[in-house]
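One structure below.
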There are 2 protein chains.
Amino acid sequence: MNTEERIKKQRELIEKIGLYFDKEGFQPIAGRILGLLMVMDKEQFTFDEIVEELQISKSSASNALKNLEIREDIEYITLPGDRKRYFQVRKQDKFTLIKGFEKKMRQSMDMFDCILSLKADKNSSNAVFLKEMKDTMEFVLTQLNKLIEESEK
Amino acid sequence: MNTEERIKKQRELIEKIGLYFDKEGFQPIAGRILGLLMVMDKEQFTFDEIVEELQISKSSASNALKNLEIREDIEYITLPGDRKRYFQVRKQDKFTLIKGFEKKMRQSMDMFDCILSLKADKNSSNAVFLKEMKDTMEFVLTQLNKLIEESEK
DNA sequence: TAAATAGTTTATAAAAAACCGAACCAAATA
DNA sequence: TATTTGGTTCGGTTTTTTATAAACTATTTA
């Protein structure tokens, strides 16, 4: 595969990644920006380069970038004597990644707890089911944290 | 807390759960139906009961229920000599739950692989980062499967 | 056979999200 | 001081999503 082909495939991949992020709840343009910053060989893009590369308006870019920054998915660096911002994907470490899973799982677990606390019959079909799901999640999280502790040593 | 208070809180919780599912990408009414089926003491609802309880139109109910069924979040049972369908949450077992995590994680991992395979420089900042994320996920999945195997014994 | 039940489908209205262009602003440069 | 650069904000348009009412269908009951 020569460079030209590769770059063409990268541009196609940006679209696929965009769709993936759409499903994750990102706005379409935000997903494509994130895709751009992830796949291309060049890994830092200025505002204007993003606008140009994705063929979007400056306002769309401005909004999407602000969003991605707030979500901590991207960040930017600046260079001395250069007013431009250079955007890049924000690299989290593996512990942050796992903490992310944990946070999402805890949300479900909290919801299950709320439901359980309001059930008249704690042995009802749903109550038993929710309790089991919650316990499974608790178990997974405990084991995961054990693994982290071990790997920290 | 008396029964009346409890039921009032359950109705409020349905709204909260609805919002949670909205963020997960469910359509609003689908999220509320799922909430209803999860939180109330009564754990099976007919079509008309759902329409009545949530104050929604029959067509909205029909669509949302079809959706939830396709996603395998709910199911219904029928009773002999009764044309009505009784909807309830579909209970997955803990292995299915974990398989669900795994499937979602594999999606990210596949995406990372696609990106990596198109990178000119496998030691670029993003390439190294994506590789590390992927390896972490791989590790988590392996450990998780080990746990499952052990618990199956 | 007529009417009721248990929904589905269709057409459409209303609301929200996405996106754009143009005007705008602040800092740097000419 | 005027212009350029690097954006942001505002107002409006387009698109998509959500939800409805009304018409319809298929089965059962009277």
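Order of the sequence lines sets the chain letters (A, B, ...), proteins ahead of strands, with each chain counted from 1.
Within 3.5 Å, no donor on the side chain of B:T46 pairs with an acceptor on the base of C:dA6, nor the reverse. Under 3.5 Å, the side chain of A:S59 and the base of C:dG21 form at least one donor-acceptor pair of N or O atoms.
Looking at the side chain of A:R85, the nearest of the listed nucleotides C:dC20, D:dT8, D:dT18 is D:dT8. The side chain of A:F47 sits closest to D:dG7 out of D:dG7, D:dG6, D:dA21. Picking from D:dT20, C:dG21, D:dG6 the nucleotide with the shortest atom distance to the side chain of B:I29 gives D:dT20. Nearest to the side-chain atoms of B:R83 among the listed nucleotides D:dT27, D:dA21, D:dT9 stands D:dT27.
Position along DNA chain C of the nearest nucleotide to A:G81 versus A:N63 favours A:N63 as the more 5'-ward residue.
Going from atom CG of B:D48 over to atom P of C:dA4 covers 15 Å, rounded to whole Å. For the pair A:E69 CD and D:dG7 C1', the computed distance is 13 Å after rounding to whole Å. Atom CG in A:D22 sits roughly 12 Å away from atom C1' in C:dA17 (whole-Å rounding). Taking atom OH on B:Y76 and atom P on C:dA6, their separation rounds to 15 Å, with Å as the unit. Between A:F87 atom CZ and D:dG6 atom P the separation is 12 Å, expressed in whole Å. Atom-to-atom, CD1 of A:I70 to P of D:dT8 comes out at 11 Å; the value is rounded to the nearest Å. Atom CG in A:N67 sits roughly 13 Å away from atom P in D:dT9 (whole-Å rounding). Here D:dT27 presents its C1' atom at 14 Å from NZ of B:K84, a figure rounded to the nearest Å.
Looking at B:N145 and B:E102, their side chains come closer than 4.5 Å, going by heavy atoms from C-beta outward.
Residue contacts shown for B:K58 include a base, since a base heavy atom lies under 4.0 Å away.
Note on A:R32: every side-chain N or O is 4.0 Å or more away from OP1 and OP2 of C:dC19. Between A:S60 and C:dC19 there is no side-chain N or O to OP1 or OP2 distance below 4.0 Å. Within the 4.0 Å cut-off from OP1 or OP2 of C:dG7, not a single side-chain nitrogen or oxygen of B:K66 is found.
Among all heavy-atom pairs drawn from A:L37 and B:N126, the shortest one is O-ND2, 2.7 Å.
Annotation: B:K8, atom NZ; neighbour count of heavy atoms from other residues, nucleotides and ligands within 6.0 Å does not exceed 12. When the shell of 6.0 Å around NZ of A:K146 is examined, it contains 12 or fewer heavy atoms from other residues, nucleotides or ligands.
Salt-bridge check for B:R106 with B:E138: passed, with a basic side-chain N closer than 4.0 Å to an acidic carboxylate O.
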